[in-house]
Amino acid sequence: MKRARSLVAVVVLVLGSLSSAQTAVGRDAAIEARVEALLGKMTLAEKVGQLNQYSIERKTLDQDIAEGKVGSLIYVTGAEETNRYQRIAVEKSRLHIPILFGFDVVHGYRTIFPIPLAIAGTWDPRAAQEVARISAVEASAAGIRWTYAPMVDIARDPRWGRIAEGAGEDPVLVSRMAEAYIRGFQNKDLSQPDSVAACVKHYVGYGAAEGGRDYNAVDMSEARLREVYLPPFLAAKNANVTSFMSSFNTLNGLPATANPYTLREVLKNEWDFRGFVVSDWNSIGELINHGVAVDKRDAARLAMRAGVDMDMNSGNYIEYLAGLVRDGAVPEAELDDSVRRILRIKFALGLFDHPYIEDKREASVQLTAADRAAARRIAAESLVLLKNEGDVLPLKKTGTKIAVIGPLADDASTMLGNWFAKGQASEVVTILQALRARQAQGDAIVFAPGGEVTKSTARDIAAAVAAANAADQVVMVLGERGDMSGEAASRSDLGLPGDQEKLLETVVATGKPVTVVVISGRPLVLTWAAEHVRALVEAWLPGTEGGNAVADVLFGDVNPSGHLPATMPRSVGQIPIYYSALSTGRPVGNDARYFSGYIDTNNEPLYPFGYGLSYTTFTVSDLKISPATANHGEIKATVEITNTGSRDGSDVIELNSTVPKGELAHPERKLVAFTKVFLKAGETRKVEMIVPRESLMVADRGEKLQVLHGTYRFFLGNEKRAELEASIDIPAPELKTVGAKSSIVTPEKPAPKHTD
Ligand code: GLC
């Protein structure tokens with residue numbers, strides 16, 4: 001085929017940057033003046049009131065608001081209801097300070113998109129930005145101007161159910177996704193009525209819970225914290241996020257909600273963050289359970305001193321803070337700083353100038369046809385084709401009878417995922433509905449649920465086998481129910497729940513070609529399926545339009561382009577397993593027996609981070625990195641990619657780098673930049689990427705992040721491209737010699753004091 005050669009250089013700016021119109025949080029002089037003027041009028045009680053967030057389960061709520069005791073409300077939604085509470089705050093309280101309404105708009109408000117792990121699987125930050133923008137328009141019309149998203153917890157243990165809510169195992173992918181969500185939620189101007197303040201969570205280290213057990217202890221070195229878990233939060237701060245949420249876990253013995261090192265020293269001082277920190281739900285009250293607070297008053301003191309500005313629904317701040325300030329246990333200056341940070345965001349949102357929601361708008365912007373179309377497109381883009389033996393996919397639309405088997409094929413509520421906000425199961429298109437809608441009349445779909453997610457009787461399985469025998473092709477929809485991932489949903493066994501493995505094996509034994517579509521909130525252990533079925537597709541929890549998205553991919557209307565955002569293990573025993581691991585002194589393959597691996601399994605993952613197939617094929621060539629010596633300025637990578645197949649399609653270019661030798665051991669490779677390109681069949685394109693210096697940084701001497709000096713070897717991520725390589729040097733800065741002596745001042749001659 002004559003190859004269309006377009007030498008269009010695609011310059012992909014991978015750095016999260018403030019949109020030009022946006023003023024960085026805390027740096028708008030007019031807002032600062034209004035904050036100071038208001039703060040100067042506030043009583044101690046009114047200051048404490050701003051730090052208090054309630055949910056609506058309070059009989060005295062109206063009175064509390066009128067008395068200035070409620071700075072924020074959570075879980076109140078709808079223009080009518082939010083306006084009602086807002087009128088009390090603005091018209092009845094002494095200083096007329098508006099309420100900040102918060103809600104978990106994590107992957108959609110009424111139109112529910114795939115879970116964030118799936119959106120990360122698109123490797124397309126534009127998708128995340130689009131999800132956030134559409135969600136912000138729907139949520140803000142319902143009175144929500146603050147969302148608890150993006151969740152950026154690095155997750156390398158799929159037993160942890162909340163891996164579903166984040167963007168996977170790698171700090172560079174997670175950082176780019178975080179920046180995109182923040183751009184989408186906060187838009188160019190936070191004061192616009194359809195902008196929503198983002199809250200990055202859960203600060204910090206929550207995804208490293210021991211054993212993958214939710215809320216469990218976290219222990220890690222400063223180096224690991226700096227290199228892996230903090231970077232996405234710094235990226236969020238640099239993308240102008242307005243707030244952080246402190247997490248439930250302890251970090252090296254200190255609860256994250258009472259941790260002055262992470263909250264004050266790193267976030268507020270070192271990073272100069274000027275937004276505010278909200279605790280997680282009652283995480284202040286839980287300081288007692290952690291054994292660090294003797295009572296609620298002590299818990300309030302510890303959290304306040306550590307740097308938590310707003311109390312999510314524990315009631316401890318409103319109850320005890322004023323007394324703690326009067327007793328001198330909490331300096332009023334710290335209380336003022338917290339109030340300042342919260343008022344700053346309320347002014348930036350325009351709440352003082354436009355506190356009420358125009359209620360006519362709400363219904364008209366929910367679940368529009370355009371929103372549905374976006375949800376369908378993004379869900380299809382998030383699906384990961386893991387196997388396609390003999391090109392059994394795409395399925396033929398006519399002339400073939402399809403049996404649809406599995407307990408999740410027609411399960412609407414599971415498609416909505418974990419944070420389904422105002423999404424309705426009744427509005428979901430299930431996979432069965434979508435496949436039926438595609439089949440020409442003559443080829444009716446045969447359906448057998450094969451039992452429930454956790455139980456299949458002999459009769460269920462027999463009915464499924466009968467359906468398979470009556471068909472030419474089998475599509476099995478297997479996996480987890482929606483409530484089996486997300487918060488408080490850690491699993492010790494990551495196989496298909498219940499009797500689904502048995503159901504699968506029995507149907508495969510019929511000899512019919514079986515395609516398995518996996519519905520899950522995490523990477524599952526799919527080892528048997530991977531070895532025995534013809535095609536395997538990870539569909540995650542794909543949202544309101546999930547059924548249509550799956551059908552679009554299965555029938556080839558969409559060419560799958562998802563890539564795994566987290567490693568898929570061969571067994572639970574391999575966990576934690578992730579691509580950017582250290583080599584150890586005895587790497588796998590180093591010796592027949594004495595190596596760091598397991599003697600009872602293949603030590604490779606079932607499918608690696610970044611893996612994903614397409615209905616077409618791509619080749620890459622001519623990887624170049626410049627400049628050759630890069631001790632300052634931009635580092636650029638160019639590579640040529642060709643779509644060598646007969647279908648248009650998209651592919652992800654994952655640029656990896658080695659790390660020069662340092663004092664500490666470092667991963668053998670790490671992702672430094674990526675981009676997604678669409679190529680028509682036969683097209684060749686030269687792609688250019690900018691490599692952010694931050695992504696080259698590792699924690700080394702003194703466990704501080706730094707760019708090590710030495711040679712960086714770059715190559716493309718997925719295994720099939722590792723042969724391409726290009727390198728650069730980042731030399732140590734020359735020591736400027738002054739006269740004969742180096743410019744390093746010897747201890748006996750202290751440096752001249754500059755008095756400027
Ligand atoms: C939770 C979650 C947090 C969420 C908050 C409010 O327990 O940990 O992610 O934002 O409560 O719903």
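Atoms within each ligand, like the ligands themselves, are counted from 1 in listed order.
Applying side chain to side chain donor-acceptor pair (under 3.5 Å) to Y206 and the options N249, N216, D214 leaves one that passes, D214.
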N/O donor-acceptor pairs under 3.5 Å from side chains in residues 101-108, not counting sequence neighbours:
from, atom 1, to, atom 2, distance (Å)
D104, OD1, K201, NZ, 3.2
H107, ND1, F113, O, 2.8
H107, NE2, W419, N, 3.4
H107, NE2, W419, O, 3.3

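Under a cut-off of 6.0 angstrom, the local environment of CD in E80 is sparse, with at most 12 non-hydrogen atoms contributed by other residues, nucleotides or ligands. Crowding of R274 atom CZ: a count of heavy atoms from other residues, nucleotides or ligands under 6.0 Å exceeding 12.
Sorted by chain and number, the heavy-atom contacts of ligand 1 below 4.0 Å come from I74, Y75, D104, Y148, R162, K201, H202, M245, F248, D280, W281, M312, W419, E487.
With sequence neighbours left out, S413 forms a side chain to side chain donor-acceptor pair (under 3.5 Å) with D411.
Among pairs with a residue in residues 133-152, those fulfilling salt bridge (Lys or Arg N to Asp or Glu O under 4.0 Å) read R133-D194, at least two apart in sequence or across chains.
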